[in-house]
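Here the structure is laid out as structure tokens; the discussion comes afterwards.
Since the model is a prediction, treat every value here as computed from it, not as a measurement. Letters A, B, ... mirror the listed sequences (proteins, then strands); counts begin at 1.
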There are 2 protein chains.
Amino acid sequence: MAKAPKITEAEWEVMMALWAKSPLTANDVVDILSKKTHWQRETIRTLINRLVQKKALGFKKDGRQYHYYPLVDQTACIKAETRSLLRRFGGAPVEPMLAALVEEQQLSPDQIERLKQILAGEGAPQGRRHKKRDA
Amino acid sequence: MAKAPKITEAEWEVMMALWAKSPLTANDVVDILSKKTHWQRETIRTLINRLVQKKALGFKKDGRQYHYYPLVDQTACIKAETRSLLRRFGGAPVEPMLAALVEEQQLSPDQIERLKQILAGEGAPQGRRHKKRDA
DNA sequence: CTTGACATGTTACAAGTGTAACATTTATAG
DNA sequence: CTATAAATGTTACACTTGTAACATGTCAAG
């Protein structure tokens, strides 16, 4: 999985479909997204093509059909987007972000548990500063 | 403070300056951003003007100078952007987001404390689902 | 082999963004 | 009052993004 290229909002819908299940043909993707959006087939195909150009998707030909699959990792993309947002916020307070996070999602108790876990690792007051970039 | 219009990445820099301190003249903003970016005066002025058009900034004339100030609340904007990102992620796992959050920022111990606090409020396993939208 | 159906490829076009130059107004120094 | 400097206003232009139509290639049926 390569290093996340810039994926636009509309393109995310396509990626989400393929992260959920892949490979898929263009038509599969069209079928899936037609249920969530009002986009025309051709619109969806354009998005797929752009993603291929960006190397976010790969495909293998099978007869006249192409089977698409992600070339980038979902988690990595989520982290990249999140970091991008954080950079944008500069030194702004992070609390509103977490607040939005817990408000927006219906967090399941165990998701909350895992989030706490992550924070717990950071807790060590005055402890070592972590430095590792993500995987 | 009105309901956050769409503020682009470059425009955020301008907003950040004015959220940090306002009112500021265009030149003040130019001075501040010139230190962080390589943008020309005119570029920065364009951004300011667009923000005024979008009603993200207001100004009062004082002689030939305009003094700009935010018309939207920073916290609200941060939450809006965060929600937008979350919506984009759909039902994707939220852990990578928090992970990026704690990795990216050098979170101070008390920031971590406050984040834990927020989560603690959510903890009540199987408890009431909150529903309130933000302020 | 010809034709049609359906796949992909190519092109389009308006709005938004990043990045900036050029033009006009106006306060202030002479 | 006039010229100048410094402020704001107007215009520009290429690239990206959202949204899509039109063109071309190719498997498969007759």
Side-chain angles (χ1 to χ4, degrees), chain A residues 4-18 22-69 77 80-81 84-85 87-88, chain B residues 4-18 22-69 77 80-81 84-85 87-88:
Chain A
K6 198 177 261 311
I7 295 171
T8 73
E9 191 147 345
E11 289 164 357
W12 260 85
E13 291 295 335
V14 174
M15 292 307 292
M16 288 296 287
L18 281 153
S22 74
L24 293 177
T25 67
N27 274 348
D28 292 337
V29 177
V30 168
D31 287 345
I32 293 172
L33 293 196
S34 291
K35 286 170 192 156
K36 297 193 202 306
T37 72
H38 293 171
W39 299 338
Q40 304 305 319
R41 316 173 38 78
E42 298 306 303
T43 299
I44 295 169
R45 282 192 17 75
T46 296
L47 294 174
I48 293 174
N49 285 335
R50 286 181 181 168
L51 285 165
V52 170
Q53 279 173 36
K54 289 181 186 183
K55 306 262 205 327
L57 291 182
F59 60 86
K60 30 184 207 304
K61 260 178 148 150
D62 170 28
R64 66 182 148 177
Q65 291 195 152
Y66 286 16
H67 293 260
Y68 296 92
Y69 53 89
C77 287
E81 290 289 342
S84 161
L85 203 63
R87 213 170 321 109
R88 183 150 150 183
Chain B
K6 196 176 260 314
I7 295 172
T8 72
E9 190 147 344
E11 289 165 355
W12 260 85
E13 291 295 334
V14 175
M15 292 306 292
M16 288 296 286
L18 282 153
S22 75
L24 294 177
T25 67
N27 274 348
D28 292 337
V29 177
V30 167
D31 288 345
I32 293 172
L33 293 196
S34 290
K35 286 170 193 156
K36 296 193 201 308
T37 72
H38 293 172
W39 299 337
Q40 304 305 318
R41 308 174 47 75
E42 299 307 301
T43 301
I44 295 169
R45 279 191 18 74
T46 298
L47 294 174
I48 293 174
N49 285 335
R50 284 181 182 166
L51 285 166
V52 170
Q53 281 174 34
K54 289 182 186 183
K55 304 263 205 326
L57 291 181
F59 61 86
K60 33 183 205 304
K61 261 178 150 151
D62 170 27
R64 66 183 148 177
Q65 291 194 152
Y66 286 15
H67 292 260
Y68 297 92
Y69 52 88
C77 287
E81 290 289 341
S84 161
L85 202 63
R87 213 169 321 110
R88 183 149 149 185

Practice problem: Could you check how far CG of L47(B) sits from C1' of dA20(C), rounded to whole Å? | Solution: 11 Å
Quiz item: Would you say a side-chain N or O of T43(A) is under 4.0 Å from OP1 or OP2 of dT19(D)?
Solution: no
Self-check item: Minimum-distance nucleotide to N49(A) side chain [options: dT8(D), dT10(C), dA20(C)]
Solution: dT10(C)
Quiz prompt | Side chains of D28(B) and T25(B), donor plus acceptor under 3.5 Å | solution = yes
Self-check item: Which residue lies more 5' along DNA chain C, comparing H38(B) with K54(B) via nearest heavy atoms
Solution: K54(B)
Quiz item: dA6(D) P sits how many Å from D28(B) CG, rounded?
Solution: 15 Å
Exercise. Please determine which of D31(B), N27(B), T46(B) meets the side chain to side chain donor-acceptor pair (under 3.5 Å) test together with R41(B).
Key: N27(B)
Self-check item: Proximal nucleotide (of dT19(D), dT10(C), dG18(C)) relative to the R50(A) side chain
Solution: dT19(D)
Quiz item: If you check every side-chain atom of Q40(A), which of dA21(D), dC27(D), dG18(D) has the closest atom?
Solution: dA21(D)
Quiz prompt | Of Q65(B) and T46(A), the one whose closest DNA chain D nucleotide lies more 5' | solution = Q65(B)
Quiz item: Taking the side chain of N27(A) as heavy atoms from C-beta outward, which of dA7(C), dA6(D), dG18(D) is closest to it?
Solution: dA7(C)
Self-check item: Side-chain donor/acceptor of S84(A) to backbone N/O of A80(A), under 3.5 Å
Solution: no
Quiz item: Start at the 5' end of DNA chain D and walk down; is the nucleotide closest to T8(A) or to K61(B) reached first?
Solution: K61(B)
Practice problem: Among dT10(C), dT17(C), dT8(D), find the nucleotide with the atom closest to the side chain of A26(B). | Solution: dT8(D)
Quiz item: From the list dC6(C), dT8(C), dT8(D), which nucleotide is the closest neighbour of the side chain of Y66(B)?
Solution: dT8(D)
Exercise. For the side chain of Y68(B), starting at C-beta, report the closest nucleotide among dA20(D), dT17(C), dT8(D).
Key: dT8(D)
